[in-house]
Structures are given as structure tokens and as C-alpha cells.
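Heads up: the structure comes next, in C-alpha cells.
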Amino acid sequence: MAVCTGLIVANLYYCQPLIVLIANEFKIPEANAGTITYLTQAGYALGLFFMAPLGDKIERKKQILMTTFASVIALLIAATAKSFLILQIASLLIGITSIVPQLILPLAASLSAQEERGKVVGTIMSGLLVGILLSRTLSGLIGQILGWRSMFYIAAGICLLIFFIIQRTFPSNKPQFEGTYGQLLQSLFTLIKTQPVLREATLINSFSFAQFGAFWTTMVLLLSDAPFHFNSATIGLFGIVGASGALAAPLVGRLGDKGNSRAAVGYGCLLLFISFVVFYFSAENVIGIIIGIVFIDVGIQGVHISNQTRVYSLLPEARNRLNTVYMSFSFLGTAAGSAYGLLLWKMGGWHAVTIGGAVLALLSLLVHGLTSKSIPKRRD
């Protein structure tokens with residue numbers, strides 16, 4: 001499950017190191033080419049909101065297989081796009097059909113014991129984060145050697161292989177919701193209204209994912225410009241540095257199993273703030289950027305896995321819907337963060353981006369502090 005999650009979530013991030021190559025082919029400004037990054041994230045949020053809840057109503061393995069195959073088609077449309085508009089549409093479809101990791105996670109949580117759920121979620125999240133970060137390394141290298149279209153062809157082949165692996169190895173899982181699709185969507189708003197832990201976790205995660213999106217989208221523009229002038233392959237290598245955050249995932253998961261999830265969220269928010277302070281002073285310093293990447297990725301793991309463990313502990317019969325609320329708003333945060341980062345880049349370059357990211361980190365810490373008394377303590 002961790003491997004499949006990592007390979008499929010990578011679809012969302014292949015485009016990031018390829019922005020410059022895509023801009024050159026379609027003869028458009030690099031910042032305009034960057035719009036495909038937040039269209040992909042927005043598609044992911046839409047897919048989560050309208051498709052992921054079905055995991056509580058229809059058989060989960062069947063839904064995972066259908067969505068994986070749809071992802072193959074979306075990737076092929078991107079690979080063969082004759083205009084940038086078609087590529088933008090394909091990017092939205094790639095996002096919508098790449099929600100499989102958020103279908104796998106509730107399935108894994110349903111199959112795991114309560115006392116090991118945090119560890120299981122952390123292990124699968126390790127695979128997811130490695131997929132997110134190494135996807136940039138792979139696509140940067142492939143784009144430099146074979147061109148950006150080849151990456152989307154390769155991704156389609158990977159997803160087709162995953163389809164057959166899932167078909168042979170994943171267990172079936174009976175859903176528990178017996179209402180209509182309309183009732184299913186309506187219940188999402190009921191969960192938001194009645195679950196304070198869900199509201200707090202979702203808001204903090206949205207701010208954190210916005211920081212993540214703003215950084216990784218604009219980092220490509222920073223490193224491709226003076227004084228670095230790195231090509232897509234070199235820029236992609238920075239994803240390897242970010243994979244260090246995956247090492248923190250099982251450790252964070254174990255903290256959640258011991259009832260320390262909320263504290264880990266606070267420490268993660270603090271690390272995110274520190275990362276943007278480091279980035280601010282590293283506009284021409286590769287070492288500083290590397291240190292900042294370690295901080296931002298360990299921080300995002302601390303926030304995300306801890307919050308996800310808390311959310312999964314609320315209502316076992318509604319895990320897909322809880323995850324839908326939590327992740328759809330989180331990835332709306334990523335999409336908004338990418339757009340926010342590009343806007344700040346146009347307004348004031350790298351320093352504007354880092355100040356904007358630090359402000360979002362402070363907002364996360366503010367929410368964490370203000371809600372500390374209103375959130376009930378977890379009883380193990």
C-alpha cells in the first residue's frame with residue numbers, strides 16, 4: 001500500500017520541475033506555465049470532495065481500481081497535448097484521478113488495530129512523501145534527457161502496472177454507509193459542524209499545505225534563474241533532500257499511538273516557520289536551501305500525520321468522509337498556496353515568497369494555540 005500510494009501521488013508533482021521546459025515549448029512565460037501546478041492540486045481537491053466519500057458506500061478495492069485506470073487516461077492526454085489549454089485540462093484531470101492514496105489510507109486504517117493505527121498511517125505516509133519528493137527528481141531527470149512529454153508517458157505506464165498489482169494483492173473491504181450519494185455529501189457538512197477536532201486539524205493542515213505548495217512551486221523559478229541557472233535535472237535532485245521528511249513519518253505515527261499527536265502538530269508548525277526564516281536568508285545559498293527543505297518536509301510530516309491520526313480516531317464508520325473533509329481542504333490549501341506563491345514571486349521575488357510563507361506558519365501556530373482549550377483530550 002505504501003508503494004502504490006507513493007507511485008500514484010507522484011502524478012501530482014511530476015509537472016513542477018518541468019515548468020521551464022513546458023514554457024519553452026508553448027512559448028509562454030514561466031509563471032504562466034506554473035498554473036498547471038495549482039490546477040493539478042485543485043483537481044485533487046475536487047476529486048477528494050466528490051469521489052473519496054464513495055469509499056464509505058461502495059466496495060473500496062473496486063473504487064481504487066477504477067480511479068487508477070482513469071488516471072492512466074488523464075496522463076496520456078497530458079503526454080499528447082497539442083496546446084497549453086489541453087495540458088491545463090489534462091492537469092486538472094490528473095489531479096481528480098490521483099486521489100487513490102486517499103482511498104488507500106482509510107482502507108489501511110480500517111484493517112489496522114487501534115493501538116497500531118498511527119504507525120500504520122505513518123508507514124503509508126512515508127511511501128506517500130517519498131513519492132511526492134522523488135517524483136520531482138525523476139521528472140527533472142527524464143525531462144532533461146527525454147523531454148517533458150516522456151515523463152507523462154512513463155507515469156501512465158507506472159499507473160497501469162499498479163492497476164494490476166492492486167487487482168492481485170489488495171483485500172476487499174465492505175462499506176458501512178447505506179444512504180444515497182446526496183446524503184453522503186450532506187454528511188460531510190454534518191461532520192464539519194459536529195467534530196471540533198476535524199475542524200482544527202483541517203484548518204491547520206490547509207495553512208501548512210499552502211506553505212508547502214508556495215515553496216515547491218516557486219523554488220523551481222528561483223533555481224532556474226540567476227545566480228543558479230540550474231536545469232530541470234539538477235532542480236529535481238532537491239527532491240532527494242526533501243525525502244528526509246519520510247524518515248520522520250513512522251516516528252510521528254508512534255507519537256500518535258502514545259496520545260501525543262496534538263503536541264507533534266505544534267512542533268511541526270514551528271519547524272515550518274523556521275524553514276521560511278532559513279529560506280529568507282538563502283536566496284543565493286544552496287546549503288541554506290537544503291537545510292530549509294529538511295525543516296519544511298519534517299515539519300509538514302509532523303503536522304500532517306499527527307492530524308490524520310487524530311481524524312481517523314474519531315468515527316470508524318466514517319473514515320472516508322472524515323478523510324475527504326480533511327484532505328480536500330488540505331489540497332485546496334496546496335492549490336491556493338501555489339497560486340499565492342506565484343503571485344508573491346511576481347510582486348517581490350523570493351523574499352516576498354518566504355515572508356508570505358512565514359505568515360502562513362504563524363497563522364497555523366495561532367490556530368493551534370487558540371483552539372487548545374476547546375479541543376477535548378484524547379482518551380486511549
Side-chain angles (χ1 to χ4, degrees), residues 1-2 5 48-49 52-53 55-57 60 99 101-129 171 173-177 184 187-209 248-269 300-331 364 367-380:
M1 287 182 174
T5 296
L48 279 170
F49 192 83
D56 286 335
K57 181 173 173 60
R60 283 176 174 141
I99 63 165
Q102 304 309 323
L103 304 178
I104 291 175
L105 278 161
L107 174 60
S110 297
L111 296 171
S112 61
Q114 171 68 32
E115 65 272 11
E116 293 186 347
R117 187 162 295 131
K119 181 182 177 182
V120 168
V121 171
T123 299
I124 294 177
M125 284 300 300
S126 291
L128 185 141
L129 189 69
N173 189 255
K174 186 179 179 180
Q176 295 176 303
F177 187 85
L184 195 67
S187 70
L188 298 177
F189 298 98
T190 302
L191 289 171
I192 294 171
K193 183 178 179 181
T194 60
Q195 299 295 325
V197 171
L198 176 63
R199 291 196 300 271
E200 184 211 38
T202 301
L203 185 55
I204 291 175
N205 229 55
S206 297
F207 283 132
S208 300
F209 272 44
L251 299 176
V252 174
R254 290 190 186 99
L255 278 176
D257 291 333
K258 295 177 181 178
N260 297 323
S261 291
R262 197 171 187 281
V265 172
Y267 292 131
C269 291
I300 202 78
Q301 283 289 75
V303 173
H304 180 43
I305 294 173
S306 302
N307 273 332
Q308 199 156 41
T309 301
R310 296 168 70 211
V311 168
Y312 283 156
S313 299
L314 296 176
L315 298 169
E317 70 279 8
R319 283 202 178 100
N320 268 70
R321 283 168 287 155
L322 289 165
N323 195 54
T324 292
V325 173
Y326 174 70
M327 289 306 304
S328 59
F329 282 99
S330 294
F331 273 87
S364 300
V367 172
H368 186 268
L370 291 177
T371 55
S372 59
K373 293 182 180 180
S374 62
I375 297 298
K377 291 185 178 180
R378 173 179 163 183
R379 291 187 178 97
D380 290 319

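Along the sequence shown, residues are numbered consecutively beginning with 1.
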Between Arg321 and Pro53 (side chain of the first, backbone of the second, donor and acceptor by atom type, cut-off under 3.5 Å), is there such a pair? no
Any chance you could measure Leu103, atom CG, to Met327, atom CE, to the nearest 0.5 Å? 11.5 Å
Can any side-chain N or O of Asn323 pair as donor or acceptor with the backbone N or O of Gln102 at less than 3.5 Å? yes
Indicate yes or no for a side-chain donor-acceptor contact from Arg60 to the backbone of Pro171 under 3.5 Å, with no hydrogens or angles considered. no
Heavy-atom distance under 4.5 Å between the side chains of Gln195 and Leu315, does that happen here? yes
By side chain to side chain donor-acceptor pair (under 3.5 Å), Ser330 pairs with (sequence neighbours left out) Asn205
Going by heavy atoms in the side chains, are Met1 and Leu107 under 4.5 Å from each other? yes
Is the closest side-chain heavy-atom distance between Val303 and Phe207 below 4.5 Å? no
Tell me whether His368 contacts the main-chain N or O of Arg262 through its side chain, where contact means a donor paired with an acceptor under 3.5 Å. yes
Answer whether the closest heavy-atom distance between the side chains of Gln308 and Ile305 falls below 4.5 Å. no
With sequence neighbours excluded, residues passing ring pair (Phe, Tyr, Trp, His ring centres under 6.0 Å) with Tyr326: His304
Check whether any side-chain heavy atom of Ile300 lies under 4.5 Å from a side-chain heavy atom of Phe209, and answer yes or no. yes
Just verifying a value: how many Å separate Ile192 CD1 and Thr202 OG1, rounded to the nearest 0.5 Å? 7.5 Å
Straight-line distance of Thr194 OG1 to Arg199 CZ, nearest 0.5 Å: 8.0 Å
Grab the two heavy atoms, one from Ile99 and one from Leu48, that are nearest each other, plus how far apart they are. CG2-N, 3.6 Å
Less than 4.5 Å apart, any side-chain heavy atom of Leu105 and any of Thr5? no
